[in-house]
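Just so we're on the same page: letters track the sequence lines, and every chain starts at 1.
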There are 2 protein chains.
Amino acid sequence: MPRRTAPGRPGGADGKDATWQAQKSAATRNQIIEAAIDCLVKVGYARTTTTRIASTAGLSRGAMLHHFPTKLDIVKAAVEALHAKRLKAFRKSIVAAPPAGRGRVHQAVQAYWQHVRHRLFVAFFELSVAARTDPELDAVLRPAQAAFDEAWIQTAREAFPEWQGDPEAFDLALHLSRYLLEGMSVSFLTHEDPERGERVLEYLEDLLRNLRPTGNGQRRLRSN
Amino acid sequence: MPRRTAPGRPGGADGKDATWQAQKSAATRNQIIEAAIDCLVKVGYARTTTTRIASTAGLSRGAMLHHFPTKLDIVKAAVEALHAKRLKAFRKSIVAAPPAGRGRVHQAVQAYWQHVRHRLFVAFFELSVAARTDPELDAVLRPAQAAFDEAWIQTAREAFPEWQGDPEAFDLALHLSRYLLEGMSVSFLTHEDPERGERVLEYLEDLLRNLRPTGNGQRRLRSN
DNA sequence: ACGGAAAAAGTCAAAGCTGTTTGAAACCGG
DNA sequence: CCGGTTTCAAACAGCTTTGACTTTTTCCGT
C-alpha cells in the first residue's frame, strides 16, 4: 500500500493531511499551470513552448516534465484550471447585480464585458484559435468548452429568474450579448483601439431592456 | 538599359508587353501568395512554414525564396492580396442590395455575414491573432488593416446614402453589425456549431431597420 | 544512519525550420 | 551559337523544440 499521496491529488484528498512533499508537488503543478496561462496571454499558443513554460514557472524543463510528461498534459491541466477560474469569476460578478431596476442590466453587461476583457479570456481565446487547426488540442478543448458553456448558461438562468418566463427571449439576449461582446473584445485584442465600445455597450443595454419580458411574455421591440 | 521587365512588376506595367518570362514570374508569385493564403486557412499561421507554402504552390523552397527572400516578404504580399480581394468581394456584394424596402437591410446583413464566413476572412483572422503577439507581423498588418477599414467604411457610406442624414446612427449600425457578425463567425470557427445564428441575424436586421433614419434624423428605438 | 521514493536537473537524439550559398536548367537578345 | 540573366532546385549551417533517458539532490519512514 503506498504510504504517500500520489502526485496530482490535492493535499488532504484522502481525508488525511498530505505530506509536505505532496503539498509541494501540488504547488509546483499549480505554478506550472499558472505559467502556461501566462505564456498563452503573453506570447500566444504557438510560442508557448515547454522551454518557455518551465522558465516562466521558475524550474527546469526536466523538473516540469516529471510533473507533466508531455506538453499536452500541461495544456489539459491549463484548460481545466482556466475554465474553473473563468466560471468562478463570472459567478462572482453576476451576483453583484442589483435585484431590480436599470442598474441590473447595466451590471450584467459590464460583468460580461469585463469577463471578455480579462486575461483568462485571452488565454482561452488563444487556445480556441489554435484548436481550429489542431485536432489533438481540439479533442481536449471541445468537451471542456461544452461543459463550460453548459455551466455558464445554468449560472445565467439562476441569476436572472425574471427572464425565465420567456426562454426564447432569454436565449436570444444571451447569444446576442455573447457574440457582440466577444466580437468587440477580439477586435480590440487584434487590431482596434479600445475607444469606441461605449456607444455599442450602451446600445446593447437598451436592447436587453427592451428584450426583457414585461410579465405578459411579449417583447416590446417589433419589426417594421 | 535593362531589356527585361524587373521581377515583381506585373506584365505591361511599363506600357509595353512583358516578356513571357516576366509574366511567368508574376504568375509564380501569385501562385505562392495563393498557397500562403491556403495554408493560413488550412493549418493556421503558426504552421504556415516556408516548406509548406512551397509544397502547396508546387515548387521548391529554393525557387520560392528566389521570388520572396524571406517569409515576411511572402506574408506582406499575402496581406496585400488578401485585403484587395476582400474589399473587391465586399463591394460586389453590396451593390447587389435592392434600392429600397425590407430586402435592402436583409441583403446588407447577408452580404457581411457571407463576408465573415469566407475563407479570406479566416486567413485574415489567423494573421490578426498572430499579430497580437508578433510585433514584426503587427507592423505589417496594422497599417494594412487601417487602410482596409478606411476603404470599407467609405464603400459602406457610398452604398447607403440614406443613412448619411444621421452619421451617428450609421456609425453605430456599422460597428454593431461588424462586432456581432465577426463575434458570431469567430465562435463558429473555433468551438460552436453554426446552427443557432439565424435568430440573431433576424434580430440584427430588425435592429438595423429600427436604427435606420426615417427622414427626421431621429431613431425610433428609445431606452426605457 | 540507511534504503527507497520522489523531485529536480542535465543530456541526448530526432525532427523541423529559416536564410544563405551553390549549381543546374531555362530563357533571351545579339 | 553564345554569353548573360532569370528561374528553379539542392545542400548546408545554425537554431529551436520535444520526449526520453540518466544522474543528482531532496525527502521520508524505519
| Can you name the residues that form a side chain to side chain contact (heavy atoms under 4.5 Å, CB included) with A/Ala81, not counting sequence neighbours? | A/Ile33
| remark: Sorted by chain and number, sequence neighbours left out, side chain to side chain contact (heavy atoms under 4.5 Å, CB included) with A/Arg132 holds for B/Val122, B/Glu126, B/Leu189
| task | Flag this pair as yes if the NZ/CZ of A/Arg86 is under 6.0 angstrom from the six-membered ring centre of A/Phe148 and inside a 45 degree cone about the axis; otherwise no. | result | yes
| field | Phosphate contact (D/dT6 OP1 or OP2) by B/Ser25 side-chain N/O below 4.0 Å | value | no
| field | Between C1' of D/dA9 and CG of B/Leu59, the distance in whole Å | value | 10 Å
| Is the phosphate of D/dT17, meaning OP1 or OP2, less than 4.0 Å from a side-chain N or O of A/Thr50? | no
Show me the protein contacts with nucleotides 20-25 of chain D, counting only N or O atoms at under 3.5 Å.
none

| message | I need the CE-C1' distance between A/Met64 and D/dT17, as an integer number of Å. | response | 11 Å
| Is the charged tip of A/Arg157 near the ring of A/Trp152: under 6.0 Å from the six-membered ring centre and within 45° of its axis? | no
| task | Determine: side-chain N/O of B/Lys24 to OP1/OP2 of D/dT6, distance under 4.0 Å, yes or no. | result | no
| Between A/Asp171 and B/Arg199, is there a side-chain N and carboxylate O pair less than 4.0 Å apart? | no
| task | May I have the distance from A/Asp73 (atom CG) to D/dG19 (atom C1'), rounded to whole angstrom? | result | 11 Å
| Rounded to whole angstroms, how far apart are CG on A/Asn30 and C1' on C/dA7? | 17 Å
| field | Centroid-centroid under 6.0 Å between B/His115 and B/Tyr112 rings | value | yes
| query | Tell me: NE2 of B/His66 to P of C/dT21, nearest whole Å? | reply | 16 Å
| Spacing between B/Gln31 atom CD and D/dT7 atom C1', to the nearest angstrom | 13 Å
| task | Over 60° means perpendicular and under 30° means parallel, so classify the ring planes of B/Trp163 and B/Phe170, tilted if in between. | result | tilted
| request: Kindly point out which of D/dC8, C/dT18, D/dC27 is positioned nearest to the side chain of B/Lys71? | output: C/dT18
| field | B/Ile32 CD1 to D/dT7 P, straight-line distance once rounded to whole Å | value | 11 Å
| Any side-chain N or O of A/Thr49 under 4.0 Å from OP1/OP2 of D/dT17? | yes
| note | A/Gln21 atom CD is separated from D/dT26 atom C1', nearest whole Å, by 7 Å
| So, is A/His67 close to the C/dA6 phosphate, meaning a side-chain N or O under 4.0 Å from OP1 or OP2? | no
